[in-house]
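Here is the structure we will look at.
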Amino acid sequence: MPRIVADTNIYISALNFSGMADEVLALGRAGPILDEIGGVLARKFRWSATRVREARAAIGDFTVLVHPREPVSVVREDEADNRILECALAAGADAIVTGDHHLLELGGGSLRTMKSER
């Protein structure tokens, strides 16, 4: 089974809209960017602190948390995207599943980016 890293937008879509993002998360095991996920849910979707904590705990039940040791600075337009790359490298991921155009533009090489549609 390939190792994948799901970008923050995959988690956000799964938690708010279901669809393909739910299927990706059901199949994959990845190290999420929990702080970013919580921040987006609170800021953009006005989730309460309690609901954010519950979502983080639920994500933690089926994922493996990685602690990147090597900083990456590849995506200049959105610095947070570099955290996804750092996690992918630390996890030894085969692919990143994302809807983020900055990461999709990096596709190719030894680490693939795969687009996920809602």
Side-chain angles (χ1 to χ4, degrees):
M1 178 177 285
R3 292 181 136 207
I4 66 162
V5 169
D7 191 4
T8 304
N9 60 37
I10 300 302
Y11 290 99
I12 299 300
S13 293
L15 291 166
N16 283 292
F17 310 113
S18 70
M20 180 63 78
D22 271 339
E23 294 175 33
V24 168
L25 295 184
L27 293 172
R29 299 247 186 259
I33 310 293
L34 292 175
D35 290 339
E36 184 179 359
I37 291 167
V40 170
L41 290 170
R43 260 189 336 275
K44 290 188 177 181
F45 296 94
R46 295 186 171 89
W47 281 32
S48 69
T50 300
R51 192 169 176 206
V52 168
R53 270 193 309 278
E54 290 169 353
R56 287 178 61 143
I59 291 168
D61 286 346
F62 66 90
T63 61
V64 176
L65 184 63
V66 296
H67 299 281
R69 291 185 174 16
E70 297 180 44
V72 172
S73 183
V74 175
V75 181
R76 296 180 195 276
E77 298 83 5
D78 188 352
E79 180 59 28
D81 289 343
N82 291 309
R83 304 302 75 79
I84 301 299
L85 295 172
E86 291 167 358
C87 285
L89 291 171
D94 298 304
I96 297 171
V97 180
T98 186
D100 185 287
H101 68 93
H102 297 120
L103 294 173
L104 289 168
E105 290 171 0
L106 297 176
S110 60
L111 183 68
R112 299 176 306 164
T113 53
M114 298 184 300
K115 186 172 185 175
S116 174
E117 300 289 334
R118 260 196 281 152

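Nothing fancy with the numbering, it's 1 onward along the sequence. No hydrogens, no waters, no symmetry mates; every other heavy atom, side chains included, goes into these values.
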Salt bridge (Lys or Arg N to Asp or Glu O under 4.0 Å) partners for Arg56, two or more places apart: Asp35

Where is the tightest heavy-atom contact between [X] and [Y], given as atom of each residue plus distance?
X	Y	answer
Pro68	Ala90	CA-CB, 3.8 Å
Pro71	Glu86	CA-OE2, 3.3 Å
Val52	Gly38	CG1-CA, 3.5 Å

Stepwise side-chain contact (heavy atoms from CB on, under 4.5 Å) test for Ile84 and Val75: CA-CA 10 Å; Ile84 301 299; Val75 181; over 6 Å; no

Verdict with supporting geometry, Tyr11 and Leu41, side-chain contact (heavy atoms from CB on, under 4.5 Å): CA-CA 10 Å; Tyr11 290 99; Leu41 290 170; over 6 Å; no

Residues Arg51, Glu54: salt bridge by 4.0 Å N-O rule: no

Whether Asn9 side chain and Gly99 backbone form a donor-acceptor pair below 3.5 Å: yes

Atom [atom1] in [X], atom [atom2] in [Y]: separation rounded to 0.5 Å?
X	Y	atom1	atom2	answer
Arg83	Asp7	CZ	CG	12.0 Å
Asn16	Lys44	CG	NZ	11.0 Å
Leu104	His101	CG	NE2	9.0 Å
Glu77	Asn82	CD	CG	9.5 Å

Counterpart residues, side-chain hydrogen bond (donor to acceptor under 3.5 Å, both in side chains), relative to Ser73 (two or more places apart): none

Contact check, side chains of Leu106 and Ile96, non-hydrogen atoms, under 4.5 Å: no

Step-by-step side-chain contact (heavy atoms from CB on, under 4.5 Å) determination, Leu15 to Ile59: CA-CA 10 Å; Leu15 291 166; Ile59 291 168; 4.1 Å; yes

Whether over 12 other heavy atoms sit under 6.0 Å from Glu70 CD: no

